[in-house]
Amino acid sequence: MDKLEFSKEYFNIYDTLSCGQTFRYNPFKDGYLVVSNNVACYIVYENENTVIYTEHTDYFKNYFDLNTDYSLIVDKSKSYNIEYLTKASEYGKGIRILKQNTYEMIISFIISQNNNITRIKTIIKKLCEKLGDKLEFMGETYYSFPTIDKLALYDEGFFKSLGFGYRAGYIESTAKKLLDTDINSLYKLDTKTLKSELIKFKGIGGKVADCVLLFGFNRFDSFPVDTWIYKLYRENFCGEECNREKITEYFLNMFKEYSGYIQQYLFYYKRENKEA
DNA sequence: GGCCAGGCCTGAT
DNA sequence: ATCAGGCATGGC
């Protein structure tokens, strides 16, 4: 078992896990058990540090983006001198953008549409318990995220029985199409082209594509516009546009290659502070 | 009990 | 190209 330590100022456990980028974590002992794809870690505060216990050190070093200096990102974020953004980035400065499994992000964010985070977690949990492998870490049982090959064996009716609602058909279609997709060729595409490819999958529109770009492909020149960002744009940025793609363009033009990070600060702040 | 949630698809202009 | 209307389900 390896132990990774990191100062907690720019690595807040709760903020990082609950800001809506991952749905696979649960309270465990004094911290959280975090699962990604088919591996797990235990994350907990010890004194002034955030500590990760894992048998997959390289995976979680990358997963938690431990080689990036987030103080620079927060400083950049504040340098725009936009009051709301400055408050948001100070509030969320402990968030780290997780580098997650691409397939898991595609399936998870299709499920996420027009849905709330609590229920997204429930659906994904059921999916993993049903189709994932039963594994163990620190005496605790957890389940891997199902492989695409496994997902492609099931149909719409099956996913509906797990509570997917109208998204069930999207999952069947997309899982089967992913089987015939060379994922490595997608990594080579520039962000705009990649987005246009992602949108070809059933159940992936502009917003889900942006989330997959950000969390599953680590493209920071992406800016997901969901209902919270839509509200923020109009209430806190005096925006007039109604078209979400145009709102994405508006923020991309403003924040460029920092868009992904900044979107997350804004999203989390808006969602946590409903009156702000 | 009604509104809303990390929206997308389809069919009509 | 744009836009309404419909959509499953459960959290709050």
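In what follows, chains are A, B, ... by sequence order, proteins preceding strands, each numbered from 1. Predicted, not measured: the structure shown is a model, and the values here were computed from it.
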Open item on the list: Roughly how many Å apart are C:dG6 and B:dC3, using the P atom of each and rounding to a whole number?
Closed with: 15 Å
- [ ] Taking only the side-chain nitrogens and oxygens of A:Ser112, find out if one of them lies under 4.0 Å from OP1 or OP2 of B:dA5.
- [x] no
Can you give each donor-acceptor pair under 3.5 Å made by side-chain atoms of residues 206-227 of chain A, sequence neighbours left out, with the distance rounded to 0.1 Å?
unit_1   : atom_1 : unit_2   : atom_2 : d
A:Asp210 : OD1    : A:Lys195 : NZ     : 3.3
A:Asp210 : OD2    : A:Lys195 : NZ     : 3.0
A:Arg219 : NH1    : A:Leu189 : O      : 2.9
A:Arg219 : NH1    : A:Thr191 : OG1    : 3.3
A:Arg219 : NH2    : A:Tyr187 : O      : 3.0
A:Arg219 : NH2    : A:Leu189 : O      : 3.0
A:Asp221 : OD1    : A:Thr191 : OG1    : 3.0
A:Asp221 : OD2    : A:Thr191 : OG1    : 3.0
A:Ser222 : OG     : A:Arg219 : O      : 2.7
A:Asp226 : OD1    : A:Trp228 : N      : 3.3
A:Asp226 : OD1    : A:Ile229 : N      : 3.0
A:Asp226 : OD2    : A:Trp228 : N      : 3.4

Open item on the list: Tell me whether A:Ser77 contacts the main-chain N or O of A:Ile262 through its side chain, where contact means a donor paired with an acceptor under 3.5 Å.
Closed with: no
Task: Residue A:Tyr166, side-chain atoms from C-beta onward, closest of C:dG11, C:dA8, B:dC8 - done: C:dA8
TODO: Please check if A:Phe145 and A:Leu33 belong to a single hydrophobic cluster, counting links between Ile, Leu, Val, Met, Phe, Trp and Tyr side chain heavy atoms closer than 4.5 Å.
DONE: no
Task: same_hphob_cluster(A:Ile111, A:Tyr143) at 4.5 Å side-chain heavy-atom cutoff - done: no
Task: Whichever of A:Pro224 and A:Gly203 has its nearest DNA chain B nucleotide further upstream toward 5' - done: A:Pro224
TODO: Rounded to the nearest angstrom, tell me the gap between atom CD in A:Gln113 and atom P in B:dC9.
DONE: 7 Å
- [ ] Would you mind telling me which of C:dA8, B:dC8, C:dG10 lies closest to the side-chain atoms of A:Asn116?
- [x] C:dG10
Task: Contact nearer the 5' end of DNA chain C, comparing A:Thr118 with A:Asn114 - done: A:Asn114
Open item on the list: Any carboxylate oxygen within less than 4.0 angstrom of a Lys/Arg side-chain nitrogen, looking at A:Glu197 and A:Lys200?
Closed with: yes
- [ ] May I have the distance from A:Ile110 (atom CD1) to C:dA8 (atom C1'), rounded to whole angstrom?
- [x] 16 Å
- [ ] Pick base, sugar-phosphate or nothing for A:Lys231, based on heavy-atom distances below 4.0 Å to the nucleic acid.
- [x] sugar-phosphate
TODO: Let me know the distance between CZ of A:Phe223 and C1' of B:dG7, rounded to the nearest Å.
DONE: 17 Å
- [ ] Tell me what A:Phe164 touches on the nucleic acid: a base, only sugar-phosphate, or nothing, going by heavy atoms under 4.0 Å.
- [x] nothing
Open item on the list: Determine whether a donor-acceptor pair (one donor, one acceptor, N or O, separation below 3.5 Å) exists between the side chain of A:Tyr170 and the base of B:dG7.
Closed with: no
Task: Side-chain N or O of A:Lys202 closer than 4.0 Å to phosphate OP1/OP2 of B:dT10 - done: yes
TODO: Measure from the side-chain heavy atoms of A:Arg119 and tell me the nearest of C:dT2, C:dA8, B:dC9.
DONE: C:dA8
TODO: State which of B:dC8, B:dA5, C:dG11 makes the closest approach to the side chain of A:Trp228.
DONE: B:dA5
Open item on the list: I'd like the P distance from B:dC8 over to C:dG11, given in whole Å.
Closed with: 23 Å
Open item on the list: Do A:Leu98 and A:Tyr42 sit in one hydrophobic cluster, given that two such residues count as connected whenever their side-chain heavy atoms are within less than 4.5 Å of each other, even indirectly?
Closed with: no
Task: Separation between the P atoms of C:dG10 and B:dC9, rounded to whole Å - done: 23 Å
- [ ] For A:Gln264, report the nucleic acid contact type (base, sugar-phosphate, nothing); a contact means any heavy atom under 4.0 Å.
- [x] base
TODO: For A:Cys242, answer base if it contacts any base atom (sugar-phosphate contacts may also be present), sugar-phosphate if it contacts only those atoms, and nothing otherwise; contact means non-hydrogen atoms under 4.0 Å.
DONE: nothing
TODO: Name the nucleic acid region contacted by A:Phe201, choosing base, sugar-phosphate or nothing; use a 4.0 angstrom heavy-atom cut-off, strictly under.
DONE: sugar-phosphate
- [ ] Quickly work out the A:Arg271 CZ to C:dC12 P distance and round it to whole Å.
- [x] 11 Å
Task: Spacing between A:Ile229 atom CD1 and B:dA5 atom P, to the nearest angstrom - done: 13 Å
Open item on the list: Between P on C:dC7 and CG on A:Asn115, what's the gap in Å once rounded to a whole number?
Closed with: 17 Å
